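Remarks on the structure that follows.
In what follows, chains carry the letters A, B, and so on, assigned in the order in which the sequence lines appear, proteins first and then strands, with residues in each chain numbered from 1. What's counted below: heavy atoms across the whole structure, side chains too, no hydrogens, waters or symmetry copies. Quantities reported herein were computed from a predicted structural model and do not represent experimental measurements.
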2 protein chains.
Amino acid sequence: MFNYYRTMAGARDLPHPDTANLVLTDVLFALSDPSRLELVRRLASGPLEVAACQPTGGEVPKSTLSHHLKTLREAGVIRNVPQGRQRYVSLRRDDLDERFPGLLDAVLGAPAR
Amino acid sequence: MFNYYRTMAGARDLPHPDTANLVLTDVLFALSDPSRLELVRRLASGPLEVAACQPTGGEVPKSTLSHHLKTLREAGVIRNVPQGRQRYVSLRRDDLDERFPGLLDAVLGAPAR
DNA sequence: GTGACGGTTCGAAAATTTTGGAACCGATCA
DNA sequence: TGATCGGTTCCAAAATTTTCGAACCGTCAC
């Protein structure tokens, strides 16, 4: 078959920005969506597999969830690494603290409502 | 003439959310735009009249600038008060510190690029 | 009054983001 | 090999945000 690598649908390692290159406005934007922020709050307690990243309460289509993960990953908020058949999602807490000291603590410490 | 109060184009006092009601995601969203964030950084040095809120470098149409001010004001990031013929724009630093401790400091302290 | 000034609101077009189904991929297991 | 599983990417539609000209408003100077 041709076009072996035409799509990235099954790429093992997704791109993650370097800590030194994180852009503040991208991080703020990624965190400005309520469902993404809620996920980040949950990730503060530890890594989750993608399926567990579903918003508490309702189910969301896989593609929608994947898009939110992409937004967070490309901003540098989370890490998304393959682990066998699934993927682990974790908060890039140390990297965020290094690049934007105090920001994540302030966000996580803020009233949820 | 009829319809005295049909529009708000000349309203003296614009609405500002109460400190206790500020919504984190709204604040993060307001700050996630580069030109708005740059303005907030400038406002950290003190109030500005609207005309002085123009982005350093280029000129932007008045209506565009006004829209950005509205986004920041409705999120509770800035205050916009009439003063004679003009208006003064100021950062709601104390209110933000009260509702989201550490957030503004982290944002202002973050590397600009 | 009349006009200029500083600035907001209205309205519509352009750009971006969000959403979700369908196709796809690699890993795993039979 | 083949089928299933967990998840991403592709694509297009819907929703939201951004942009900006035009209309408008209140203040001040004349």
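- Close to dC20(D), at under 4.0 Å from its OP1 or OP2, lies a side-chain N or O of Thr64(B).
- Scanning all heavy atoms of the two residues, the minimum distance from Thr56(A) to Arg42(A) falls at CG2-NH1, 3.5 Å.
- What separates CG of Leu37(A) from P of dT18(C) is a distance of 14 Å, to the nearest Å.
- Cys53(A) approaches Leu48(A) most closely through the heavy-atom pair SG-CB, 4.1 Å.
- Taking 3.5 Å as the limit, the base of dG7(D) and the side chain of Ser66(A) contain no donor-acceptor pair of atoms between them.
- The CD atom of Glu49(B) sits 15 Å away from the P atom of dC5(C) (whole-angstrom rounding).
- Scored by the salt bridge (Lys or Arg N to Asp or Glu O under 4.0 Å) test, Arg79(A) finds Asp95(A) as partners (sequence neighbours excluded).
- In this model, the phosphate group of dG7(D) is not approached by any side-chain N or O of Asn80(A) to a distance below 4.0 Å at OP1 or OP2.
- Atom pair His67(B):NE2 and dT16(C):C1' shows a separation of 13 Å (rounding to whole Å applied).
- For the pair Leu14(A) CG and dT9(D) C1', the computed distance is 10 Å after rounding to whole Å.
- Bending across the helix from dG1(C)-dC30(D) to dA30(C)-dT1(D), expressed as the angle between its end axes from five pairs apiece, amounts to 10° (10° rounding).
- At dT18(D), one or more side-chain N or O atoms of Arg36(B) fall inside 4.0 Å of OP1 or OP2 (strictly under the cut-off).
- Considering only side-chain N and O atoms, Arg85(B) lies nowhere under 4.0 angstrom from the phosphate OP1 or OP2 of dC25(D).
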Worksheet item: Hey, mind stepping through Asp105(A) and Arg93(A) against side chain to side chain contact (heavy atoms under 4.5 Å, CB included) and telling me if it holds?
Response: CA-CA 9 Å; Asp105(A) 285 343; Arg93(A) 192 191 278 270; 4.2 Å; yes
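- Across all non-hydrogen atoms, the minimal contact from Leu24(A) to Leu103(A) is CD1-CD2, 3.9 Å.
- When rounded to the nearest whole Å, the span between CG of Leu65(A) and C1' of dG7(D) equals 9 Å.
- Comparing dT19(C), dG7(D), dG21(C) by their nearest atom to the side chain of Arg87(A) picks out dG7(D).
- Side-chain atoms of Arg12(B) lie closest to dT27(D) of the nucleotides dT18(C), dT27(D), dG7(C).
- When the nearest nucleotides of DNA chain C are assigned to Gln83(A) and Lys62(A) by heavy-atom distance, the more 5′-ward of the two goes with Lys62(A).
- Rounded to whole Å, the distance from CG on Leu69(A) to C1' on dT19(C) is 14 Å.
- Within the 3.5 Å criterion, the main-chain N or O of Pro15(A) finds a donor-acceptor partner in the side chain of Arg73(A).
- No donor-acceptor distance shorter than 3.5 angstrom exists from the side chain of Ser66(B) to the backbone of Ser63(B), with no hydrogens or angles considered.
- Among the atoms of the strands shown, only primed sugar atoms or phosphate atoms (P, OP1, OP2) are found under 4.0 Å from some heavy atom of His68(A).
- Look at OH on Tyr88(B): it is 12 Å from C1' on dG6(C), rounded to the nearest Å.
- Residue contacts for Phe29(A): at a heavy-atom cut-off of 4.0 Å it reaches the sugar-phosphate backbone alone, with no base atom in range.
- Contact detail for Val50(B) and Val89(B): the closest heavy-atom pair is CG2-CG2, 3.8 Å.
- In this structure, Gln54(B) atom CD and dC20(D) atom P are separated by 11 Å, rounded to whole Å.
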